Structures are given as structure tokens and as C-alpha cells.
Amino acid sequence: ADHEWGYTGENGPATWIEKFPEARGTRQSPVDIDTSRASSGGSAPPLTWRYSVNHTRSVVNPGYCWRVDENGYDSELSGGPLGSDVYKLQQWHCHWGAVNGEGSEHTVDGRAFSGELHLVHWNTSKYHSFAEAAGQTDGLAVLGVLLMVGTKHEELEKVVRLLPFIQHKGDKVTMSEPLDPAMLLPQRKAYWTYPGSLTTPPCTESVTWILFKEPIQVSAEQLALMRKLRCGEASCGVEAMELLHNYRPTLPLGNRELRDYGG
Ligand code: 1SD
Ligand code: ZN
């Protein structure tokens with residue numbers, strides 16, 4: 001329906017500020033990572049994740065991406081820029097472009113990648129629920145993984161092969177084979193980090209962004225299957241539009257500190 005936000009000319013990022021005032025803020029995401037502006041993070045404790053592999057996950061089409069819900073298991077992220085707090089994995093999802101070579105939300109020295117995975121975590125040391133954490137300045141931590149076109153990603157394929165079953169908004173399937181979210185991360189741990197926001201409405205300024213420097217490879221076919229998802233429901237009469245792209249353009253970093261860890 002045209003009253004909802006999305007990525008078309010009528011409901012796209014440029015229009016979000018009308019209904020979501022936080023989208024005008026000074027701590028918005030994504031940003032271009034100007035690598036010459038990054039200051040060395042120094043000797044923070046290493047970023048550490050402990051993800052659970054064997055449990056049932058649901059894969060959903062909310063109308064603006066595909067998303068895998070972790071269904072309450074205690075996969076955790078800590079260390080690095082997160083101080084002494086522990087963050088729990090809530091869900092992960094993807095952003096992509098209409099053509100290869102665009103689709104990432106963050107860019108690096110002006111360069112876009114073909115997509116970006118987001119692993120969304122919330123601060124369980126300080127807050128009681130995801131919803132509560134999502135409104136706090138230190139509530140969320142999102143790991144960003146840049147996607148480039150190359151060889152097929154076998155772990156991601158466990159999700160991609162379910163996409164034909166969630167073509168429409170509101171569709172949901174269960175993934176019963178084991179999947180290791182850690183296998184979605186690049187080999188090298190080096191990353192950039194800065195304080196930012198959700199990249200979708202309501203664009204709340206609650207995210208510590210951690211963007212890995214090294215991209216992972218996915219195949220052109222895997223990206224093509226993502227572009228076939230539709231942003232509307234099946235029962236509209238007219239077939240809903242394809243979700244050809246779902247990335248927000250970059251916003252100014254302003255005077256926020258961008259830090260560089262490793263590599
Ligand atoms: O786009 C996601 C959105 O789907 C939702 O998951 C939100 C968290 O509630 O996070 C944003 S994002 O900032 O991780 N892109
Ligand atoms: Zn995202």
C-alpha cells in the first residue's frame with residue numbers, strides 16, 4: 001500500500017522525514033566511510049561473538065528485505081567498542097541493489113558494494129527487551145558485512161533457497177537445517193565503528209555500527225533471487241512490485257568519531 005514507507009520514488013528515503021522526524025537527526029546511518037578520517041581504535045578488547053548453530057529460525061518477508069529471526073536463542077556479541085555490555089542477536093537481514101555494484105548501505109571511500117548483511121543485536125546488560133533497547137543510545141549493535149559478487153556463499157544459500165517460498169510481504173517459512181551465523185562473517189576481524197541509527201524508519205539513533213572491512217562473496221544468482229522478492233502482499237489483485245533495491249543513501253558523518261580497529 002502506498003501509505004507505507006519503502007524504496008520507491010513515492011515512499012523512498014527522501015520522504016521518510018515527513019513521518020519519522022528522527023530521520024532528520026545528526027546521528028543517522030548509513031554513512032560513507034572516509035578511511036582517511038578514521039582514527040585508530042587503539043587497544044580495545046577484541047570483538048567476540050558466540051552464536052548458536054542448531055535451532056529453528058524463521059525467514060520472513062516484511063516487505064522491505066528478507067529477515068531471519070533468531071527466535072530467542074542467546075547468541076551473543078561483546079567486546080570491541082561495546083564496553084562491558086553484552087548484546088544478544090535478535091535478527092539478521094540484507095540490503096541489495098537493482099544491479100551489481102550498488103546495494104550496500106555503507107560505502108567505503110565513496111565506493112558502493114553489491115549488498116550488505118546486518119546482524120542486529122540488543123543490549124541485554126542494560127535493557128529488558130529489544131523494543132526497549134531500540135530506543136536507547138547504547139541499545140543496539142549492528143554488525144555490517146559488505147557483499148561483493150563472486151562465488152556462491154554456501155551458508156547464505158540456506159536462506160537464499162527459501163526465498164522463492166516468501167515472495168510476498170507477510171510470507172514466512174521455517175528453516176530447520178542448522179546454520180552458523182558466524183559463517184556469514186569475513187575471515188579478517190578488522191572493522192570500522194561509529195555511533196549511528198537504524199537505516200529504516202523510524203531511523204532511531206540507537207546503533208553502535210561495526211562494519212567489517214573485508215567483504216564476503218555471494219554469487220550473482222544469489223543476488224538475483226533477492227531482487228525477485230516483492231514488497232506487497234499476494235492478495236492485492238495486481239501483482240506487487242519487485243523489491244529491486246532496498247538501501248538508504250549515505251548521510252553526513254558530521255562530527256561523529258569514526259574508529260578503525262585492526263588491519
Ligand atoms: O532495516 C532494519 C529493520 O528491518 C529493522 O530490523 C531494524 C531494527 O528494528 O533495523 C534496521 S537496520 O538499521 O539494521 N537496517
Ligand atoms: Zn539493515
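Counting convention: from 1, in listed order, for ligands and their atoms alike. All figures in this text were calculated on a predicted structure; none of them were measured in a lab.
When non-hydrogen atoms are compared, ligand 1 lies under 4.0 Å from the side chain of His93 (C-beta onward) but not from its backbone. Contacts of Thr199 with ligand 1, taken as heavy-atom pairs under 4.0 Å, involve both backbone and side chain.
Listed by atom number, the atoms of ligand 1 under 4.0 Å from Leu198 heavy atoms are 7 (C), 8 (C), 10 (O), 13 (O). Taking a cut-off of under 4.0 Å to the non-hydrogen atoms of Phe130, the atoms of ligand 1 that pass are 8 (C), 9 (O). Listed by number with element, the atoms of ligand 1 under 4.0 Å from a non-hydrogen atom of Tyr64 are 4 (O). Every atom of ligand 1 is numbered from 1 in the order shown, and the set under 4.0 Å from a heavy atom of Val120 is 14 (O). Of all atoms in ligand 1, numbered sequentially from 1 with element shown, those under 4.0 Å from a heavy atom of His95 are 1 (O), 15 (N).
Summarising the local packing, CZ of Arg111 is surrounded by 12 or fewer heavy atoms from other residues, nucleotides or ligands at distances under 6.0 Å.
The distance criterion of under 3.5 Å between nitrogen or oxygen atoms is not met by Arg67 with respect to ligand 1. Not one N or O of Trp209 is nearer than 3.5 Å to an N or O of ligand 1, by distance alone. For the pair Thr200 and ligand 1, the shortest N or O to N or O distance falls below 3.5 Å.
In this structure, atom 5 (C) of ligand 1 lies nearest to the protein heavy atom Gln91 NE2, 3.5 Å.
The Zn ion (ligand 2) lies closest to atom NE2 when only the N/O/S atoms of His93 are considered.
In summary, the side chains of Trp209 and Ser29 do present a donor paired with an acceptor at a separation below 3.5 Å, with no hydrogens or angles considered.
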